[in-house]
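What follows is a set of notes on a single structure, which appears directly below.
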Amino acid sequence: RMESLPEAVLIRILASIPAVELVLVCRLVCCQWKNLVDGAALWILKCQQEGLTRAESDVESWQNFYFLSKKRKNLIKNPCGEEDLEHWGEVENGGDGWKIEELPGDFGKEFPSEEVHKYFVTSYEWCRKAQVIDLRAEGYWEELMDTTQPKIMVRDWYAGRSDAGCLYELCVKLLSENEDVLAEYKSETITIPQENDANWTEISHTFSSYGPGVRFVRFEHGGQDTLFWKGWYGVRVTNSSVTVEP
């Protein structure tokens with residue numbers, strides 16, 4: 001009989017059950033199971049079994065840490081232009097508009113990661129594009145966002161071509177249900193001079209302690225060249241990412 005099992009054995013048995021079933025089904029079986037599913041020991045064991053590590057003193061809720069670690073992925077779709085401009089909305093096509101090119105491109109450098117093959121490039125007037133991430137649709141439930149407030153990490157990569165100067169901007173907003181701005185990060189307008197090394201530069205920002213109510217992340221970036229040359233001499237961007245951190 002299950003009730004006569006030592007707790008340590010019961011925890012080992014429960015740890016073999018998928019996490020979602022533990023929370024939605026096993027938790028409802030009896031008081032003992034509910035306490036085990038709500039406690040730390042079961043989730044510490046699941047984390048150990050799946051190689052999810054963290055200093056114990058850092059973790060407020062092992063259950064949340066487990067779910068956030070399992071879910072961790074880039075929430076930006078089509079970050080490198082493999083699907084043309086698919087998933088990017090509110091597109092502003094100044095000059096000759098956005099274009100997708102193969103790395104390294106004319107007067108360009110290879111990207112630091114071999115997994116990235118393409119980039120988006122801007123023209124001689126401002127080009128902007130945005131993506132809005134629906135956190136609930138991605139599986140981040142309201143109580144988690146309101147209570148745990150996991151860190152939201154934003155990264156982008158930009159480069160110029162070595163024969164042309166350009167401008168770059170990044171603006172990321174955390175939005176409520178009604179799309180009110182609850183937190184915002186806006187880079188300065190970054191200027192790359194005409195004689196530059198064409199190296200790729202990473203820009204990043206981490207949102208934390210942003211308060212309850214965050215339901216969407218709005219990521220927007222863009223730029224232009226500074227010479228007003230026809231074609232695509234403006235800033236290049238790729239490998240954008242938004243991740244919810246465990």
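Numbering starts at 1 and runs along the sequence shown.
- Placement of Ile203 and Ile76 within a single hydrophobic cluster is found when ILVMFWY residues are connected by side-chain heavy-atom separations under 4.5 Å, directly or transitively.
- To the nearest 0.5 Å, atom CG of residue Asn74 and atom CG of residue Asn239 are 7.5 Å apart.
- Between the Asp225 side chain and the Gly165 main chain, no donor and acceptor come within less than 3.5 Å of each other.
- Salt-bridge annotation for Glu101 and Lys118: absent, with no side-chain N of the basic residue lying under 4.0 Å from a carboxylate O of the acidic one.
- There is a side-chain donor-acceptor pair under 3.5 Å between Glu50 and Tyr66.
- With a 4.5 Å cut-off on side-chain heavy atoms, Val214 and Leu175 do not count as touching.
- Between Leu167 and Val235 there is no side-chain heavy-atom pair separated by less than 4.5 Å.
- For the pair Val37 and Trp43, the minimum side-chain heavy-atom distance is below 4.5 Å.
- A donor-acceptor pair under 3.5 Å is absent between the side-chain atoms of Thr147 and the main chain of Leu144, judged by distance alone.
- Remark: Glu90 engages Arg218 in a salt bridge, criterion side-chain N to carboxylate O under 4.0 Å.
- Looking at Arg215 and Asp134, no side-chain N of the basic residue comes within less than 4.0 Å of a carboxylate O on the acidic one, giving no salt bridge.
- Residue Arg27 holds its CZ atom at 11.0 Å from CG of Leu22, rounded to the nearest 0.5 Å.
- Taking a cutoff of 4.0 Å between a charged side-chain nitrogen and a carboxylate oxygen, Glu220 and Lys186 do not qualify as a salt bridge.
- At least one side-chain heavy atom of Trp200 sits under 4.5 Å from a side-chain heavy atom of Arg236.
- Under a 4.0 Å N-O distance rule, the pair Lys129/Glu169 does not qualify as a salt bridge.
- Between Pro150 and Val244 the shortest heavy-atom distance is CG-CG1, 3.5 Å.
- Of the charged side-chain nitrogens involved, none lies within less than 4.0 Å of a carboxylate oxygen, so that Lys173 and Glu179 do not count as a salt-bridged pair.
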- request: Begin from the C-alpha positions of Asn78 and His87 and carry the test side-chain hydrogen bond (donor to acceptor under 3.5 Å, both in side chains) through to its verdict.
  value: CA-CA 7 Å; Asn78 186 26; His87 303 294; over 6 Å; no
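- Distance check, rounded to the nearest 0.5 Å: CG of Leu182 to CZ of Phe207 gives 10.5 Å.
- At distances below 3.5 Å, not a single donor-acceptor pair connects side-chain atoms of Gln194 with backbone N or O atoms of Ala164.
- The backbone N or O of Asp180 sits nowhere less than 3.5 Å from a side-chain atom of Asn178 that would complete a donor-acceptor pair.
- Note: Tyr185 and His205 have parallel aromatic rings, judged against thresholds of 30 and 60 degrees for the angle between ring planes.
- A distance of 7.0 Å separates OG1 of Thr148 from CD of Glu60, quoted to the nearest 0.5 Å.
- Atom OG of Ser69 and atom CG of Leu52 lie 5.0 Å apart (nearest 0.5 Å).
- Closest approach of Val91 to Trp88, counting heavy atoms only: CG2-O, 3.5 Å.
- A donor-acceptor pair is defined here as one N or O able to donate and one able to accept, closer than 3.5 Å; no such pair exists between the side chain of Asn35 and the backbone of Gln32.
- Scanning both residues, Phe216 and Glu177, for their nearest heavy atoms gives CE1-O, 3.9 Å.
- Side-chain atoms of Ile100 and Val121, non-hydrogen and from C-beta on, never get closer than 4.5 Å to each other.
- Once rounded to the nearest 0.5 Å, the distance linking NZ of Lys73 with CG of Leu75 reads 6.0 Å.
- Counting heavy atoms from C-beta on, the side chains of Glu195 and Ser162 never come closer than 4.5 Å.
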- prompt: Can you list the steps and then say if Glu92 with Cys127 is a side-chain contact (heavy atoms from CB on, under 4.5 Å)?
  reply: CA-CA 5 Å; Glu92 187 180 322; Cys127 296; 6.0 Å; no
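- Transitive grouping of hydrophobic side chains (ILVMFWY, heavy atoms separated by less than 4.5 Å) keeps Leu28 and Ile13 in distinct clusters.
- Tyr210 and Leu170 fall within the same hydrophobic cluster, where Ile, Leu, Val, Met, Phe, Trp and Tyr residues are linked whenever their side-chain heavy atoms come under 4.5 Å apart, directly or through other members.
- Of all the heavy atoms in Ile133 and Val242, the pair that sits closest is CD1-CB, 3.7 Å.
- Here Glu202 pairs with Arg155 in a salt bridge; the nearest charged N to carboxylate O distance falls below 4.0 Å.
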query: After noting the C-alpha distance and the side-chain angles of Leu36 and Glu7, does the key distance pass the side-chain contact (heavy atoms from CB on, under 4.5 Å) rule?
result: CA-CA 9 Å; Leu36 290 179; Glu7 196 161 274; 3.5 Å; yes
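- Summarising the geometry of Cys47 relative to Phe65, their closest heavy-atom pair is SG-CD2, 3.6 Å, with the distance given to 0.1 Å.
- Remark: the backbone N or O of Leu42 is not paired with any side-chain donor or acceptor of Arg12 at under 3.5 angstrom.
- No chain of hydrophobic side-chain contacts below 4.5 Å, direct or via other Ile, Leu, Val, Met, Phe, Trp or Tyr residues, connects Tyr168 to Leu227.
- Using cut-offs of 30° and 60° on the angle between ring planes, the pair Phe120 and Trp98 is perpendicular.
- Scanning both residues, Pro79 and Ser240, for their nearest heavy atoms gives CB-O, 3.2 Å.
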task: Take Phe228 and Tyr124, measure what ring pair (Phe, Tyr, Trp, His ring centres under 6.0 Å) needs, and give me the verdict at the end.
output: CA-CA 5 Å; Phe228 302 97; Tyr124 58 86; 7.4 Å; no
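- Checked for salt-bridge contact, Lys230 and Asp96 meet the test: a charged N lies under 4.0 Å from a carboxylate O.
- Using a 4.5 Å cut-off on side-chain heavy atoms (C-beta onward), Tyr119 and Leu103 make contact.
- Both Val23 and Ile44 are members of a single hydrophobic cluster when ILVMFWY side chains are connected at heavy-atom separations under 4.5 Å.
- Contact check on Glu86 versus Lys77 returns no salt bridge, with no Lys/Arg side-chain nitrogen under 4.0 Å from an Asp/Glu carboxylate oxygen.
- At distances below 3.5 Å, at least one donor-acceptor pair connects side-chain atoms of Lys46 with backbone N or O atoms of Ile17.
- In this structure, Tyr140 and Leu68 have side chains that are in contact, with non-hydrogen atoms separated by less than 4.5 Å.
- Relative ring orientation between Phe111 and Trp157 is described as perpendicular, the plane-to-plane angle rising above 60° on a 0-90° scale split at 30° and 60°.
- Using a 4.0 Å cut-off between charged nitrogen and carboxylate oxygen, Glu245 and Lys151 do not count as a salt-bridge pair.
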